[in-house]
Every structure is written in C-alpha cells, then in structure tokens.
Amino acid sequence: MNIHVFKNKIDASSYVLKLFQETLEKNTANFGLATGSTPETLYALLRQSDLDFSQASAINLDEYFGLSADHPQSYAYFMKKQLFNDKPFKHTFIPNGMNRDTKDEINSYEKILHDHPIDLQILGIGTNGHIGFNEPGTDFHSKTHLVELTASTINSNKRFFEDASQVPTHAYSMGIESIMNAKKIVLMAFGTSKADIIAQALEGHITENVPASILQKHPNTIVVLDEAASQTLHNSSIHHE
Ligand code: GLP
C-alpha cells in the first residue's frame with residue numbers, strides 16, 4: 001500500500017486528479033466512483049478541469065434502496081450534481097434503488113462490472129470501516145448485494161435527511177470482491193473523525209469486522225489522506241507530500 005499524506009484535502013484531491021488524467025490516457029477508461037463528502041473536492045476539481053470523459057464510463061459503488069434517481073438524497077442525483085451534468089461520460093452506471101427485484105438488480109450490476117472492468121476505483125471510508133456500503137461483517141467474497149445499513153451508518157448519514165427516520169434502511173452496494181477486482185484503488189479519507197478507523201484499516205488485522213482492511217491485500221492501492229486523518233498512523237513508509 002502506498003500511503004500519501006497531504007497538508008489539506010485540496011492538495012490531496014489534486015493528486016487524485018492526476019491519477020484520473022493518467023487513467024484517461026487509456027482509450028476506454030472505466031472509473032469506479034464514490035459518493036459522500038470525501039470526494040466532493042475531487043469532483044469540483046474534475047468539473048473545473050479540461051479532462052474529457054466522453055469516451056469513459058463511470059460505475060458507482062452504491063445506491064439507497066427505495067430512492068429514485070431524482071430524489072435529492074439519492075446517489076444518482078448527487079453524482080449528476082457533482083460531476084455528470086458538467087462532465088458527460090459515455091456511460092454512467094448506478095444501481096437502480098427502485099428495482100425491488102433484488103436478484104435482477106444484482107445480476108445486471110454484476111454484468112455491468114464484468115463488461116466494464118474498473119481501472120481506477122475511488123473509495124471513501126465510513127467511520128465503522130465500511131467501503132461502499134459494505135458494513136462490518138460483510139463477507140470478503142461478496143459481490144453486488146442488498147445491504148441492511150447499520151445504526152452507525154444511518155446515524156452518520158442522517159445529516160443529509162430531515163431526520164433519522166427518513167434515512168433508507170437498505171442499499172444496493174458493490175461487494176468487497178467486486179471492489180477488489182479494480183486494477184487500481186484509491187482510498188481517500190480526511191479529517192480527525194477518520195483517524196482511528198484509518199489506523200485500524202491500514203495497520204490493524206485484516207478482518208471482516210473492518211471491511212476496508214482487505215485493501216491491505218490489494219496489489220495496487222493508494223491511500224490519500226490529509227494530516228488530520230493520518231494522525232494515529234505509525235507506519236514509517238508514509239510519504240508526506
Ligand atoms: C457513505 C457511502 C460511502 C462513503 C461513506 C463516507 O456511507 N456509501 O461510499 O465512503 O459514506 O462518507 P463521507 O465521505 O461523507 O465521510
């Protein structure tokens with residue numbers, strides 16, 4: 001794992017922007033994208049950039065079950081506002097939160113992933129170690145699945161809804177194995193609230209109780225942190241930028 005620590009999230013996100021640029025040099029690049037506040041600065045930089053995504057595909061990690069693409073809290077809506085309205089991609093894929101036929105949704109998403117192998121996967125991390133919506137305890141061999149969100153995730157995400165009772169209780173998410181199939185993974189985390197879980201994920205045991213810890217096994221993972229998120233790491237192979 002390559003761990004890079006930057007002064008702030010703007011410098012950190014500028015570094016990730018360069019990885020997008022490199023990946024685009026390939027003819028038909030496939031980007032695995034994430035939601036949450038962590039990649040917002042990156043998406044702002046991408047919007048302002050002159051990068052052309054018209055031949056690239058975007059495949060998102062997850063979507064709330066029961067929210068339609070035009071619901072302001074859906075991840076489909078978030079992605080349009082953050083990136084796709086300004087930077088058109090050839091294809092954009094996000095699980096369909098309105099598909100109640102879970103088998104059908106899972107199969108079609110796995111087919112999309114099979115047809116569009118991800119070159120660069122962006123990940124944030126939940127304070128409980130989740131990646132995508134793979135909550136603690138998720139099987140490391142999981143593929144796309146319907147997840148029951150934990151109380152801690154519902155609590156973290158309620159800030160975007162009127163109250164906790166409005167936060168969906170389930171979501172579709174790419175599984176851990178689907179994520180690990182990406183050629184390159186970039187895990188981003190900013191702020192002190194992520195410091196403890198980052199230390200556990202990067203330096204603790206590889207365990208299903210901390211889903212992000214599996215990234216220690218990926219041959220090509222880059223971790224991009226700000227100073228605050230890196231403060232409890234002991235690893236001597238950290239690159240301070
Ligand atoms: C959500 C998303 C994750 C994201 C996490 C952290 O639960 N499903 O993909 O990484 O939140 O969000 P934030 O970046 O806002 O801390």
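Order of listing sets the numbers, starting from 1, for every ligand and every atom in it.
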*Relative to ligand 1, is Tyr75 under 4.0 angstrom through side chain, backbone, both or neither, heavy atoms considered?*
side chain

*For the residue pair Asn128 and His130, confirm or rule out a side-chain donor-acceptor distance under 3.5 Å.*
yes

*asked:* For atom 16 (O) of ligand 1, which of the options Lys194, His130, Glu63 provides the nearest non-hydrogen atom?
replied: Lys194

*Numbering as shown, the atoms of ligand 1 that approach Thr38 to under 4.0 Å (heavy-atom distance)*: 13 (P), 14 (O), 16 (O)

*Should Phe190 be listed as contacting ligand 1, given a heavy-atom distance under 4.0 Å as the test?*
no

*Is it true that the side chains of Glu208 and Thr138 contain a donor and an acceptor less than 3.5 Å apart?*
no

*Specify the protein heavy atom at minimum distance from atom 12 (O) of ligand 1: its residue, its atom name, and the distance to 0.1 Å.*
Gly36 CA, 4.0 Å

_Enumerated ligand 1 atoms positioned under 4.0 Å from heavy atoms of Asn157_ = 7 (O)

*asked:* Could you tell me, atom by atom, which parts of ligand 1 come under 4.0 Å of a heavy atom of Phe133?
replied: 7 (O), 8 (N)

*Interfacing atoms of ligand 1 (cut-off 4.0 Å, heavy-atom, Arg159)*: 15 (O)

_Test item, Gly132 contacting ligand 1 (heavy atom, 4.0 angstrom)_ = yes

*Should you measure from each heavy atom of Gly124, which atoms of ligand 1 turn up under 4.0 Å away?*
10 (O)

*Check whether any side-chain heavy atom of Asp226 lies under 4.5 Å from a side-chain heavy atom of Val5, and answer yes or no.*
no

*Taking the side chain from His205 and the backbone from Thr207, do they hold a donor-acceptor pair closer than 3.5 Å?*
no

*Write out the residue and atom name of the closest protein heavy atom to atom 4 (C) of ligand 1, then the distance separating them to 0.1 Å.*
Thr35 O, 4.0 Å

*Between Ile125 and ligand 1, which residue portion shows a heavy-atom distance shorter than 4.0 Å: side chain, backbone, both, or neither?*
backbone

*asked:* Checking side-chain polar atoms at under 3.5 Å, does Asp139 have a donor or acceptor matched by the opposite partner on His145?
replied: no

*Using heavy atoms and a threshold below 4.0 Å, how should the contact between Ser37 and ligand 1 be classified: side chain, backbone, both, or neither?*
both

*asked:* Exactly one of Thr221, Thr232, Ile3 should register a side chain to side chain contact (heavy atoms under 4.5 Å, CB included) with Leu202. Which one does?
replied: Ile3

*Counting only heavy atoms, which portion of Asp62 has something under 4.0 Å from ligand 1: side chain, backbone, both, or neither?*
side chain

*Hey, is Lys183 close enough to Asp119 for a salt bridge, meaning N to O under 4.0 Å?*
yes

_Ignoring hydrogens and geometry beyond distance, is a side-chain donor-acceptor pair present between Asn99 and Tyr172 at under 3.5 Å?_
no

*Say whether Glu177 and Ser142, considering side chains only, have a donor N or O and an acceptor N or O under 3.5 Å apart.*
no

